[in-house]
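Here is the structure we will look at, set down as C-alpha cells.
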Amino acid sequence: MQIADLSALKIHYTDEGDPNGAPIVFANSLGTDLRLWDKLVPLLPAGLRIIRYDKRGHGLTQATPAPYSMGTLIRDVETLLDHLQVKDALFVGLSIGGMIGQGLAVKRPDLVRALVISNSAAKMGTAEMWNTRIANCRENGVGSIAGVTMERWFGKRFRATPELEAWQNMLSRQDLEGYTGCCAAIAGTDFYTPTSGLRLPVLGIAGTEDGSSPPDLVRETIDLVPGSKFEMIRGAGHLPCVEDPEEYARILKDFIKETGHVH
Ligand SMILES: O=C(O)CCC(=O)CC(=O)O
C-alpha cells in the first residue's frame, strides 16, 4: 500500500508495472475505489507504468468534510502526479474520473498527452438532481441508494451474477462526506467550453446499458474534440471495465498503439 502524504491530503495510490514505462493513470467513478480497475490491469500490455489512486473521500484516501469542488479534485491528482514525477500520461477517467481528466488536461497539458473519457461527459445531470441525491444520502445514508444505483451501474446480464453484491457493498460502505462531497463537485461542473478547446488524442468509451451516462451523452462530449474516437461496449452499463474487462482492454490497447504511447 502506498500513501502520499501531500500537504493538503493523504492520498492512497498504487504504482505498478515498469517504473520507466509510459505512464497510464486511472481515475475511478463516484462511490468506487481503485479496485474498479482490478480485472483490467492484468490485461494491459507490458511495459507501462500503471498508476491508480483513490480520490478524496474514497477508498483509503483521507475524507475531508463535504462539499468538494471539481477544482479541488483536479488539484489532488495534479499534486499526486507531480509528487510521483509523472509527465505525459495517458489518463483514463471513468465518470467523475473522466471529468477530472478533462479538467487536468486543460490545466496541465504537460501531465496528460492522451485522454480516455469513459462513461463520462462535460456535464452530468442537473444541480437539482445532485442536490436531491445529496439530501437523500444525508438523511438515510449512502446505503439507502445502493440498490437503485446498481441498476444504473450494471447491465442486466451482470446484475444476475453473484459479483453484484460486492459492488453494492462497496457503495453502501462509501464515506458519506466523500460521496456527497463528490456529488457537489459534479453538480458544479460544466466543462463544455474548456473541453472544446482540447487538442490531444481523445477516446470516448460508453456502455449501451449505462443508466448514469448514456452513450449519446458521452458522444456529445467526445465530438467536442476534433479527431476524437468513440467506442461503445454492448451489454455493459456504467462500469464496463468491470463488466467486460477483455473488451475494455482491447479498446485501450488499440488506443495505446494508435497514440504510440510507449517509451
Ligand atoms: O459515476 C459517477 O462518477 C457519477 C455518475 C453517477 O451518478 C453514477 C451513479 O449513477 O451513481
Side-chain angles (χ1 to χ4, degrees), residues 26-37 52-59 61 66-70 72-74 76-77 91-104 116-138 140-156 158-159 164 167-191 204-218 220-221 233 236-243 248:
F26 290 95
N28 36 280
S29 60
L30 178 68
T32 66
D33 60 39
L34 54 72
R35 286 175 288 182
L36 183 67
W37 311 101
R52 298 186 265 169
Y53 77 103
D54 288 333
K55 69 185 159 298
R56 187 177 286 252
H58 284 66
T61 288
Y68 309 156
S69 71
M70 191 55 69
T72 298
L73 300 178
I74 292 165
D76 289 343
V77 67
F91 194 98
V92 182
L94 196 148
S95 203
I96 187 174
M99 288 181 142
I100 293 169
Q102 292 169 65
L104 186 68
V116 178
I117 301 175
S118 178
N119 307 79
S120 183
K123 176 171 167 51
M124 289 193 288
T126 61
E128 191 191 359
M129 180 208 113
W130 289 109
N131 290 335
T132 304
R133 197 188 292 190
I134 291 167
N136 275 343
C137 289
R138 291 236 156 248
N140 305 308
V142 180
S144 68
I145 62 159
V148 71
T149 302
M150 293 304 110
E151 288 172 29
R152 294 192 303 269
W153 279 12
F154 296 111
K156 204 167 158 196
F158 187 88
R159 290 204 305 273
L164 184 78
W167 293 95
Q168 189 161 337
N169 287 341
M170 185 186 284
L171 181 59
S172 299
R173 293 168 192 165
Q174 167 62 46
D175 181 88
L176 178 65
E177 297 304 315
Y179 189 83
T180 56
C182 286
C183 287
I186 299 172
T189 299
D190 180 349
F191 277 155
I205 301 178
T208 53
E209 294 192 32
D210 188 341
S212 305
S213 44
D216 283 354
L217 184 76
V218 182
E220 208 183 313
T221 293
I233 303 188
H238 190 51
L239 310 179
C241 51
V242 171
E243 289 185 79
Y248 203 94

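Both ligands and their constituent atoms are indexed starting at 1 by order of listing. In what follows, residues are counted from 1 in the order of the sequence shown.
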- Indicate yes or no: at least one non-hydrogen side-chain atom of Met99 is less than 4.5 angstrom from one of Ile186. yes
- Give a yes-or-no answer on whether the side chains of Ser95 and His238 include a donor-acceptor pair shorter than 3.5 Å. yes
- Using a strict cut-off of under 4.0 Å between a residue heavy atom and any atom of ligand 1, list the qualifying protein residues by chain and number. Ser29, Leu30, Ser95, Ile96, Trp130, Arg133, Thr149, Arg152, Trp153, Ile186, Ser212, His238
- Hits for side chain to side chain contact (heavy atoms under 4.5 Å, CB included) against Arg35, two or more places apart or cross-chain, chain-then-number order -> Asp33, Asp38, Met170
- Message: Is it the case that over 12 heavy atoms from other parts of the model lie below 6.0 angstrom from the CZ atom of Arg173?
- Response: no
- Item | Shortest non-hydrogen separation from Gly57 to Tyr68 and the atoms involved | CA-OH, 4.0 Å
- Message: Whether the Thr180 and Arg138 side chains hold a donor-acceptor pair (N or O, under 3.5 Å, no angle test) is what I'd like checked.
- Response: yes
